[in-house]
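Here is the structure we will look at.
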Protein chains: 2
Amino acid sequence: MERDYPELKLENQLCFPLYAAAKEIVKKYRPYLDEINLTYTQYIAMMVLWEEKSLSVKALGEKLFLDSGTLTPLLKSMEQKGFVTRHRSEADERVLIVSITPEGEALRKKAADVPAKMQSCVRLTKEEAVQLYSLLYKVINDVG
Amino acid sequence: MERDYPELKLENQLCFPLYAAAKEIVKKYRPYLDEINLTYTQYIAMMVLWEEKSLSVKALGEKLFLDSGTLTPLLKSMEQKGFVTRHRSEADERVLIVSITPEGEALRKKAADVPAKMQSCVRLTKEEAVQLYSLLYKVINDVG
DNA sequence: TTAGAAAAAATTGAGTTCAATTAAATTATA
DNA sequence: TATAATTTAATTGAACTCAATTTTTTCTAA
C-alpha cells in the first residue's frame, strides 16, 4: 500500500523556509560585511561588544546561542584583526574576558549603514517585519 | 560625540532571530534524525527524493538552495549509506542524476513520525505557524 | 582539609556552507 | 566546422557549528 506522506513534503515544513531564509539572508550580508572585514558571526559578536564593551565567552555565547567550540576560534580571529582582546579574569581564572579595542570601536561607525542596506534587501512592510520578529522570538524561547 | 547606534543593537535586528531560530530548530531535529541515520541536510534532501525519486544535482540544489560544493560530499555520504545512487545522465554527461534506492524508500516509513515530534517542540498555534510560514517564504522570494 | 563535583574554555572531529576555481561536456556562433 | 561561450559537477580552501572530550580552576561536602 503506497502512502503519500504529506507530512514529509518539503513544502509542508516550517523548518525548511526557516533554514533557507536564514541562509539566504546571511549570504546577502556578505558583500557589506566584506567591506568592513567581518564575517556574519563576527558581526553579531561585534554587536554585543559595541554594547557591552567587555564580557566573558560564556556570556557572549548565551547571547548569540553559540558555544566555545565556535567562539574560541572566532574570537582568536577577531583578536588577530585587532578588534578585541582576550584575557583571563583575575577573579576567576577559568573565565576568559573578551574586550573591545579602539579599533573595534572605530568599526562601529563603518558598520552603521549595514542595517539600512540590508533592510532594502528584505522587502517586508514594517508590520510584517514586526510580526516576523515576534514569531521568531516565540520559536526561540519555546524551543527549550 | 558618542552615538547610540540603535540600528546596530542585536535586539533590533531581524536577521539575528532568524539565524538563531533556524539554528535552534535544526539542533532540535538531531536526536530524531540520529535514529534514522540522517543529518538535517540529508533529511531535507531525502524529502525531495521521496517525492521525485530521481533528479539532477542542479535540480536538487535549486530546491534546497544549495550548490554542488555542499551537495557533492553530501550525496556521496548518502550513497555510502545506501539511500541513493549517483550516475551520469546518458543524454548529457555533465549532468549527475541522483536516484533513491529501496533502502531510501524504506527510510520514509521510519521518518514519518519525525514531523509530529518536531511540531510538539515548536509551540506555535496553527495560525502563528501559517503566518510564520508565509512571512518566511516572502523573505526567501524577495531576497533576490 | 581534601576528595569529588561543577564550571569555563579549549580542543577534536564530523559535517555544513559558500566563494572561487577547475574540468568536462554541450551549445552557440563566427 | 572550429572556436568560443555556457553549463554542470567536482574540487579547494576558509569559516562556522555542534557534540563530545579534555584541561584547568573553583566550589562543595564529607
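Labels below follow one simple rule: chain letters A, B, ... track the order of the sequence lines, proteins then strands, and each chain is numbered from 1. Every heavy atom of this structure was used, including side-chain atoms; hydrogens, water molecules and symmetry mates were not.
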- Query: Taking the six-membered ring of A/Tyr5 as reference, does the NZ or CZ atom of A/Lys9 fall below 6.0 Å from its centre and within a 45° cone about the axis?
  - Reply: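 No, a cation-pi geometry is absent between A/Lys9 and A/Tyr5.
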
Considering just the side-chain nitrogens and oxygens of [X], establish if one lies under 4.0 Å of OP1 or OP2 belonging to [N].
X	N	result
B/Tyr40	D/dC18	no
A/Thr70	D/dT17	no
A/Lys23	C/dT17	no
A/Lys76	C/dT11	yes
B/Thr39	C/dA14	no
A/Ser77	D/dA15	no
A/Thr72	C/dT11	no

Starting at [atom1] of [X] and ending at [atom2] of [N], how long is that distance when rounded to a whole Å?
X	N	atom1	atom2	value
A/Leu74	C/dA10	CG	C1'	14 Å
B/Leu33	C/dG15	CG	C1'	14 Å
A/Tyr29	C/dC18	OH	P	16 Å
B/Asp34	D/dC18	CG	P	15 Å
A/Glu62	C/dA7	CD	P	12 Å
A/Lys58	C/dA10	NZ	P	14 Å
B/Asp92	D/dT7	CG	P	12 Å
B/Leu55	D/dT8	CG	C1'	14 Å

- Message: If you define the side chain from C-beta out and look only at heavy atoms, does anything of B/Lys138 sit under 4.5 Å from A/Leu124?
- Response: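 A side-chain contact under 4.5 Å exists here.
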
- Query: Using the ring of each side chain (for Trp, its six-membered ring), is B/Trp50 parallel, tilted or perpendicular to B/Tyr43, with breaks at 30° and 60°?
  - Reply: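 Aromatic pair B/Trp50/B/Tyr43 classed perpendicular.
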
- Query: How many angstroms lie between CG in B/Leu135 and CD1 in B/Ile140, if you round to the nearest 0.5 Å?
  - Reply: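 If I round to the nearest 0.5 Å, the distance is 11.0 Å.
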
- Roughly how far apart are B/Glu24 CD and A/Asp142 CG, rounded to 0.5 Å?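 Atom-to-atom, B/Glu24:CD and A/Asp142:CG are 12.5 Å apart.
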
- Query: After noting the C-alpha distance and the side-chain angles of B/Gln42 and B/Ser77, does the key distance pass the side chain to side chain contact (heavy atoms under 4.5 Å, CB included) rule?
  - Reply: CA-CA 9 Å; B/Gln42 290 168 3; B/Ser77 153; 3.2 Å; yes

- When only distance counts, do a donor and an acceptor, one from the side chain of A/Arg94 and one from the base of D/dT24, lie under 3.5 Å apart?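 Donor-acceptor pair under 3.5 Å: no.
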
- Query: Can you find a donor-acceptor N/O pair under 3.5 angstrom joining the side chain of B/Ser68 to the base of D/dA10?
  - Reply: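 For B/Ser68, whose side chain was compared with the base of D/dA10, there is a donor-acceptor pair (under 3.5 Å).
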
- Describe the nucleic acid contact of A/Leu71 in one word from base, sugar-phosphate, nothing, applying a heavy-atom distance below 4.0 Å.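 If one applies the 4.0 Å heavy-atom cut-off, A/Leu71 turns out to touch nothing in the nucleic acid.
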
- Of A/Gln42 and B/Arg86, the one whose closest DNA chain D nucleotide lies more 5':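 Its nucleotide being nearer the 5' end, the pick is B/Arg86.
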
- Item | Most 5' of A/Gly69 and A/Ser89 on DNA chain D, judged by nearest nucleotide |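 In this pair, the answer is A/Gly69.
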
- B/Pro73 vs A/Asp67, nearer the 5' end of DNA chain C by closest nucleotide: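 Nearer the 5' end of the strand: A/Asp67.
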
- Query: In terms of the nearest nucleotide of DNA chain C, which residue is placed more toward the 5' end: A/Val57 or B/Ala91?
  - Reply: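 The residue whose closest nucleotide sits nearer the 5' end is A/Val57.
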
- Message: Checking contacts here: which listed nucleotide (D/dC16, C/dA9, D/dA10) is nearest the side-chain heavy atoms of B/Arg88?
- Response: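 Closest of the options to the side chain of B/Arg88: D/dA10.
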
